[in-house]
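A short worksheet on the structure shown next.
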Amino acid sequence: MWDFIGERGDLIAFNALQHANLVLQAVLVATLVAVALAVLVNRFRVLDPIANTISAIGLTIPSFALVGLLLPLTMIGATTAFICVAFYATLPILRNAVVGFAQVDETLIESARGMGMSEASVLLRVRLPLAWPVIHAGVRTSVQMSMGIAAIAAYVLGPGLGGYIFTGLSQAGGVNAVNYALVGTVGIVIVAVIADLLMLLLGRVTISKGIRA
Amino acid sequence: MTQTESSPGSSPEGAISGAELRLENVVKRYPGQKAAAVESLSLTIPAGEIVAFVGPSGCGKTTSLKMINRLIEPTSGTIRLDGEDIRSESATSLRRKIGYVIQGGSLFPHMTVATNVAVVPKMLGWDSKRIATRVDELLDLVGLDPDRYRDRYPRELSGGQQQRVGVARGLAADPPVLLMDEPFGAVDPITRQRLQDELISIQRELRKTIVCVTHDIDEAIKLGDRILILQEGAKIAQYDTPDTILAAPANDFVADFVGAGSSLKQLSLTRVRSLDLGQPTTAHVGEDTGPVVRRAEEAGDDSVVVLDDRDRPVAWPWLRQVRHNDRVQSTPRELLVTLDQAATLNDALDTMLTSAHSKVIVTGDRDRYLGVVDFESVTEHMRRTERDAAQQMQDAGGHEAVDADG
């Protein structure tokens, strides 16, 4: 086992970074999309049940199935993996962002308007910071979930540690089958734990002390 | 230090910094509702005065208030600020010229006290140094020590303190007009009375045009230079000074609403400053207690009022407590309940009930110490007023005066 890792150390580290990188980019895009959608939902309340349904049903689509559906459109490679991860990453953030925005006290919004804030300032200086703890929790969940989804996305030759798992599966019974599967799995867990710690840190830095739990 | 005689009304009052507000046939009708929320309201609010809007809930007082800063747009009619139609500029730039204070202060919980107060100045593009100076100045004005409270978050403040910051925020950019919607509704009675006193004291200094919505007639009587009593549909039942409204209610609605006629209402009309204040022994923080105790004993006082370096009362220990220490001690100023000189006799009696001294300390501008008022002086004043009224009745010779009194 240690020999196996020792021989491939650099490559494993590179793949771990690639894995983290894929998740980071996908979650970043997902956060922007989800918050933008949530702003729309917050403005037009009729959209609320639609957003909830989408985020509920979306999570029930097996990721393998989505990869399969995407293949004819985006072909094998990193793009497909990225779209797939970003799609799933959006869902928990969207749900939390909708709830987070809805929880903001309307009298605070009226007070902000009454003081002469423009709608953009109300959003950026009042709504978003107040909803941020809930949105941040959604992003954190999303990062964890995306670690696993990114592994599946490796099936279409996406970057990351998922490749090891598939290699292990295809060589079942072979000499290094278990090693491959273990390196892939444990590697992802380690990346996920580090990412979660970083998310915790991000929360410390970005959530105002006045509303931190 | 020499004690100068100060008669009521001679306190240095600031120049008027408010602007006149004029409502002309203002109507607000909501689609799908038969009755108008506001039916043709016309009204002039003079510059530099506090006008209290009172009335039963649903009478349209808050709607009327919110039309002034365009949170609600009138269906028809014109509102003029300093002669200028408020629709002549954008709603946001209008609102930056009109302070807005609502119940509980409505502070942004994710911002510190200083950032909350700085919201409007920042939007107006003040530089950071000017903003910092202004924030400290305002916190001081509303009775909060800037060094202690500047960097706190709203959740670290009591309800009364939050409300004070709310007032500071409303005044931040020195707006000519301040709108207050049930500003002191969310705090306990003692704190409310204190906040009202402070507002009166601040207003003495600033002379803004203040419109204050309340459902509490006693608050309206206390705060208002004029009171606007509204009936359903924001129909004006009466618009006049508190004295006139109490003495001559325009109709039964007003009479019922203010409960006029009761001589006890005098308690909420008479200000503490019209009483003769007692002058017990005072001492400054850090003074040697020896001479202080001697002074108090000579004067026959059993307690000493302790003042800080700005002559604000900070503590009121009994003589035996003073003797314990070599130097006069201070306590956090917030713990001492005091009354502004504009507080009513009603407030004074309330405060005495909870005070250990059965007296209460009276303060002037910026919490400066003026003297104390005790139970006897309040009852004495009431008796004298009654005697004077009876005397007048005799002079007038009969039943006419009885009617006028009612």
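Since this is a predicted model, take the numbers as computed values, not measurements. Numbered from 1 within each chain, the chains take letters A, B, ... in sequence-line order.
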Is [X] in contact with chain A via its backbone, its side chain, both, or neither, using a 4.5 Å heavy-atom distance?
X      : result
B:R96  : both
B:L94  : neither
B:K97  : neither
B:R152 : neither

Quick check for you: to the nearest 0.5 Å, what is the distance between B:T112 atom OG1 and A:K209 atom NZ? 10.0 Å
B:M111 side, atom CE; A:S208 side, atom OG - distance, nearest 0.5 Å: 9.0 Å
Any side-chain heavy-atom pair from A:E110 and B:Y100 closer than 4.5 angstrom? yes
With a 4.5 Å cut-off on side-chain heavy atoms, are A:L108 and B:P109 touching? yes
For [X], is the [atom1] atom crowded, meaning more than 12 foreign heavy atoms sit under 6.0 Å from it?
X     : atom1 : result
A:D10 : CG    : no
B:R29 : CZ    : no
A:R43 : CZ    : no
A:F14 : CZ    : no

Run A:M115 and B:F108 through side-chain contact (heavy atoms from CB on, under 4.5 Å) and show every step you take. CA-CA 12 Å; A:M115 292 164 75; B:F108 301 126; 4.2 Å; yes
Is there a side-chain contact (heavy atoms from CB on, under 4.5 Å) between A:M117 and B:V119? Walk through the geometry before answering. CA-CA 9 Å; A:M117 276 196 198; B:V119 166; 3.6 Å; yes
Within the side chain of B:H110, is there an N or O that forms a donor-acceptor pair under 3.5 Å with the backbone of A:R125? yes
All heavy atoms of B:L71 vs all of A:G114, minimum pair found to be CD2-N, 3.9 Å
If the test is side-chain contact (heavy atoms from CB on, under 4.5 Å), which one of B:L107, B:D181, B:I102 qualifies with A:S111? B:I102
